[in-house]
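Take a look at the structure set out below.
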Amino acid sequence: MNNDRWGILYCPKGRGSKQREKIQRVLDEKKVQYDFVQSESTDSVERLVSMLIHNGYKTIVIVGGDSALNDAVNCLMKEEKLVRDTIALGVIPNGVMNDFARYWNFKEGNVEQTVDWLMKHRVRQVDLGCIRYTNKKGEQCHRYFLNCINIGLLADVMNMRKQTRSLLGSRTLSFIVSLFLMIFHRMDYKMHLKINSDVINRKVMTMCIGSGPGYGQTPNAVPYNGMVDVSVVYHTGILQVFAGLWLLITGRFLNHRSVHPYRAREVVVEEAKHALVNVDGRLMDTPEGAYRVDVEQEVINFLIPD
């Protein structure tokens, strides 16, 4: 395999093929050598990334969002370090949520600029957060994440937003509809948390643990310092909830009086009954019992802008 040849995994966001045709046209115009594969479903992403790895591709580009990137890094982490270190992962944003791509200033509509940056092959080693938990069968499991984990109310809202976005198409409209539906959902959860030397044992509305920007909830997090940022939101009145959501939309989430920020190497969740867990924008099976989140530092080669 030519080391300069890209393996590109296209994760379609809808039924249309215009975006795929545009990306291929840009790649051809810029004379990029590549092979294109397309995922049939969310379950096929890891299988196809594994196929690209084992066929010798050293540059793997995901055309998709946060969830597709999550599948890709979890597939890469199954490989030995010697193999993983030879592979660079890139992204052309094309998902319902593209938060990690936006952190690096990759924009969904600017394919030409994105391809130009990827062609320069500027590599940055980035951290992965990791949630370690026990599943319903009693098995010890783990899942890596690039951006964040949400636990509680916002995990529920993000799950609704993803579903409504796929139906409505509009990011703004789907968010408004999700907020309306949120009124009918549970607003707080009994949690027992250990963050650094602090112990939190009380009702919590939502918690975000971010190695990246966390959809605005951990805006100061950086994916290369060996730590995660944590935002814990205590229970508050419904008007304060909407005030907090407005601050979230406008990038001032940490200014809300009910938000308590931390920076940590490990977060232990001793108890969070009935609280949904969302990993990089995708709902996961709720862990059984206690679980913890930590960081593996600089383990993925990621292609960043010039």
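Given the structure is predicted, the values throughout are model-derived calculations rather than measurements. These values consider heavy atoms only, across backbone and side chains, with no hydrogens, waters or symmetry-generated copies.
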Measure the shortest side-chain to side-chain distance between [X] and [Y] over non-hydrogen atoms and say whether it is less than 4.5 angstrom.
X    : Y    : answer
E79  : I87  : no
V49  : I62  : yes
E298 : D127 : yes
V204 : Y234 : yes
K58  : H121 : no
W6   : L118 : yes
M191 : I200 : no
R20  : P12  : no

- prompt: Counting only heavy atoms not in K30, do more than 12 sit closer than 6.0 Å to its NZ atom?
  reply: yes
More than 12 heavy atoms of other groups within 6.0 Å of E80 CD: no
Separation between [atom1] of [X] and [atom2] of [Y], rounded to the nearest 0.5 Å:
X    : Y    : atom1 : atom2 : value
R143 : N135 : CZ    : CG    : 13.5 Å
R102 : K107 : CZ    : NZ    : 11.0 Å
R202 : K190 : CZ    : NZ    : 10.0 Å
I23  : K18  : CD1   : NZ    : 14.5 Å
I60  : C75  : CD1   : SG    : 7.5 Å
K81  : L76  : NZ    : CG    : 13.0 Å

Pairing donors with acceptors under 3.5 angstrom, does anything connect the side chains of [X] and [Y]?
X    : Y    : value
D28  : Y34  : yes
T134 : Q140 : yes
N150 : Y215 : no
N70  : D66  : no

- line: When I209, V232, V269 are each screened for side chain to side chain contact (heavy atoms under 4.5 Å, CB included) with I195, the one that passes is V232
With V111, the side chain to side chain contact (heavy atoms under 4.5 Å, CB included) member among K22, R25, Q24: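 Between V111 and the candidates, side chain to side chain contact (heavy atoms under 4.5 Å, CB included) is satisfied uniquely by K22.
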Would you say [X]'s side chain and [Y]'s backbone share a donor-acceptor pair under 3.5 angstrom?
X    : Y    : value
S67  : D280 : yes
N147 : G214 : yes
R265 : G226 : yes
N301 : T86  : no
N110 : Q113 : yes
D71  : A68  : no
D229 : P261 : no
T114 : F106 : no

Indicate, with yes or no, if [Y] and [X] share a hydrophobic cluster defined by side-chain heavy-atom contacts under 4.5 Å among Ile, Leu, Val, Met, Phe, Trp and Tyr.
X    : Y    : value
Y224 : L146 : yes
V230 : V199 : no
M227 : Y262 : no
V228 : V268 : no

query: Can you list the steps and then say if D35 with Y57 is a side chain to side chain contact (heavy atoms under 4.5 Å, CB included)?
result: CA-CA 10 Å; D35 291 311; Y57 292 92; 2.4 Å; yes
Indicate the atoms forming the closest heavy-atom contact of [X] with [Y], along with that distance.
X    : Y    : value
P287 : V277 : CD-CG2, 3.7 Å
V279 : F145 : CG1-CB, 3.7 Å
G210 : A221 : O-CB, 3.6 Å
G152 : T206 : C-OG1, 4.2 Å
G216 : P219 : O-CD, 3.5 Å
E296 : V299 : O-CG2, 3.8 Å

query: Do the ring planes of Y10 and F36 sit parallel (below 30°), tilted (30 to 60°) or perpendicular (above 60°)?
result: tilted
task: Check the angle between the aromatic planes of W104 and F100 and answer parallel, tilted or perpendicular using the 30° and 60° thresholds.
output: perpendicular
query: Between R132 and E266, is the closest basic N to carboxylate O distance under 4.0 Å?
result: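 Result for this pair is no, no salt bridge flagged.
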- request: Given side chain to side chain contact (heavy atoms under 4.5 Å, CB included), test E108 with N94 step by step and report yes or no.
  value: CA-CA 6 Å; E108 186 173 358; N94 185 51; 4.1 Å; yes
message: Determine whether V61 and I92 satisfy the following criterion, side chain to side chain contact (heavy atoms under 4.5 Å, CB included), listing intermediate values before the conclusion.
response: CA-CA 7 Å; V61 177; I92 298 174; 3.8 Å; yes
query: Do R47 and E40 pass the side chain to side chain contact (heavy atoms under 4.5 Å, CB included) test, and can you show the C-alpha distance, the side-chain angles, and the key distance before you say yes or no?
result: CA-CA 11 Å; R47 174 178 58 81; E40 305 89 13; 2.9 Å; yes
